[in-house]
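FYI, side chains are in, hydrogens and waters are out, and symmetry mates aren't considered; it's all heavy atoms of this structure. Convention: sequence-line order gives letters A, B, ...; per-chain numbering from 1.
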Number of protein chains: 2
Amino acid sequence: MNETIQLLLNHVSVRKFKDQKLTKEQIDLLLKSAQAASSASHEQAYSIIEVTDPEIRKQLVEPCGGQEWTTQGHYFVFCGDFYRHQKLAKKYDTDIQDSLDSIDTLVKGVVDATLAAQNFIIAAESMGLGICVIGGVRDGIETVDKLLQLPDHVYPVFGLIVGYPDERNDSKPRLPQNAIYHQNTYETNKEEALKEYDEIIRAYYKKRNKDRTWSKSTTEAFSKYPRLYMKKYLQRKGWAKK
Amino acid sequence: MNETIQLLLNHVSVRKFKDQKLTKEQIDLLLKSAQAASSASHEQAYSIIEVTDPEIRKQLVEPCGGQEWTTQGHYFVFCGDFYRHQKLAKKYDTDIQDSLDSIDTLVKGVVDATLAAQNFIIAAESMGLGICVIGGVRDGIETVDKLLQLPDHVYPVFGLIVGYPDERNDSKPRLPQNAIYHQNTYETNKEEALKEYDEIIRAYYKKRNKDRTWSKSTTEAFSKYPRLYMKKYLQRKGWAKK
């Protein structure tokens, strides 16, 4: 197993960081790594906003999931971004309205931002840094939108905290390979793999004095935060109208 | 610069592969690497379908962008997947309908599939393999849906061809860092960076006897394929209804 795969397999989310800042050179290299990822038709439909202002960072905490430790390390927000494309369309007098309106364009923006982000994450971890993805940015989307002054066609997909880890958790077991892997056609009967996984997760949490399975806890968590405000927000900002 | 970052920066899309298959061990390691990526609330809302049947692969070519070479190497389809979650919800008699219906759940599925895919890609490249992302899967989404027998709540985000490269292109220059990077608030005035980039891309294509800038060619390409059938497809399959 090579060094890079070892690194990928060692990934854990970090939620406690040292009070040590990254250098400009490090951030440049993370951005360069992010940009090296594939993007749909070379559209490069994403932007990365670093929040360096401590005041803004404080104001993001509560609306974005209330995780106090998100003021630590560095904070980057990965956005799907067709702002520059719509501006260019005006310049070239090209009609891109259907493309801007299409829900497929939302998918494109999310894909481009996420491919770039995962490269950024791998590069950071290869430097000995730790990261945590903050999906909570979509809980506080109106606050994020306002504080970061996002124009139309810029959609904040998630935040990313990056810094020197002060504490590392154990890696949480993943679903058995058989549960997520299919050949040729989608196999709907994966009950056995999920049962097997529930026992693995039960053992994992037992060590942490909790009684929990993946099936039940994920189902309950998933039911709770449907983020039904999202459609209105997206459409107001020019996404997924059609 | 460490080995992993060097690998990320060396990424190019490969569109010609040798007639050499991956071993089961290699595929296992790629899947394991994919699964090691972060996922929203540990929901692991994705599936990976490998298309090994040559007949199905042939039938995917035309509808998915008509790229003949996509019958080479190995073919994986990365899907956002809440099929297992909705099945579990029935088992536990938990109401997750709002969550299934929410457009945010589409975003979650696309993010989870894409984080996993980028890890898969990096792992493949670290083994000396080449890859190409096939967004064209969304051109042929009805065919993909039918051939892979996708149930509701499984959304094919993109395909991925993986194999031993027989030909490697040069890396295509990316947007200047300043065009995609912002601090604290979104900076709408990036015209200078785009102008600079157009000259870089013009020089890149001049060597290939083409006269092309990014701004104009991307705008034109973006206008052409709005995929307006996507909303209907998604909603029929239980996504983004609210």
Non-hydrogen atoms of chain A under 4.5 Å away: do they reach the side chain of B/D95, the backbone, both or neither? backbone
Can A/K237 and A/D145 be said to form a salt bridge (charged side-chain N to carboxylate O under 4.0 Å, His left out), step by step? CA-CA 10 Å; A/K237 303 292 288 189; A/D145 182 271; 2.9 Å; yes
Need one label for B/L175: side chain, backbone, both or neither, based on atoms under 4.5 Å from any heavy atom in chain A. both
Given a strict heavy-atom distance threshold of 4.5 Å, which part of B/V154 is in contact with chain A: side chain, backbone, both, or neither? side chain
Is there a donor-acceptor contact under 3.5 Å from the side chain of B/H182 to the main chain of B/E187? yes
When A/E3, A/K190, A/K172 are compared by non-hydrogen pairs under 4.5 Å with chain B, the top option: A/K172
Assess the side chains of B/D81 and A/Y186: does a donor N or O sit below 3.5 Å from an acceptor N or O? yes
Output field: ring centroids A/F82/A/Y155 closer than 6.0 Å: no
Pairwise distance CD(B/Q86) to NE2(B/H153) - rounded to 0.5 angstrom: 5.0 Å
With a 4.5 Å cut-off on heavy-atom pairs, point out which of A/V157, A/T94, A/T114 contacts chain B the most. A/T114
Is it the side chain or the backbone of B/T218 that comes within 4.5 Å of chain A heavy atoms, both, or neither? side chain
So for B/A240, is it side chain, backbone, both, or neither that comes closer than 4.5 Å to the heavy atoms of chain A? both
What part of B/F158 gets within 4.5 angstrom of chain A, counting heavy atoms only: side chain, backbone, both, or neither? side chain
Taken to the nearest 0.5 Å, the spacing of A/I122 CD1 from B/T4 OG1 works out to 8.5 Å
Could B/D28 and B/K32 be called an ion pair, given the rule that one side-chain N must be under 4.0 Å from one carboxylate O? no
If I measure from the heavy atoms of chain A, does B/Q235 come under 4.5 Å with its side chain, its backbone, both, or neither? side chain
For B/P173, which atoms come within 4.5 Å of any heavy atom of chain A: side chain, backbone, both, or neither? backbone
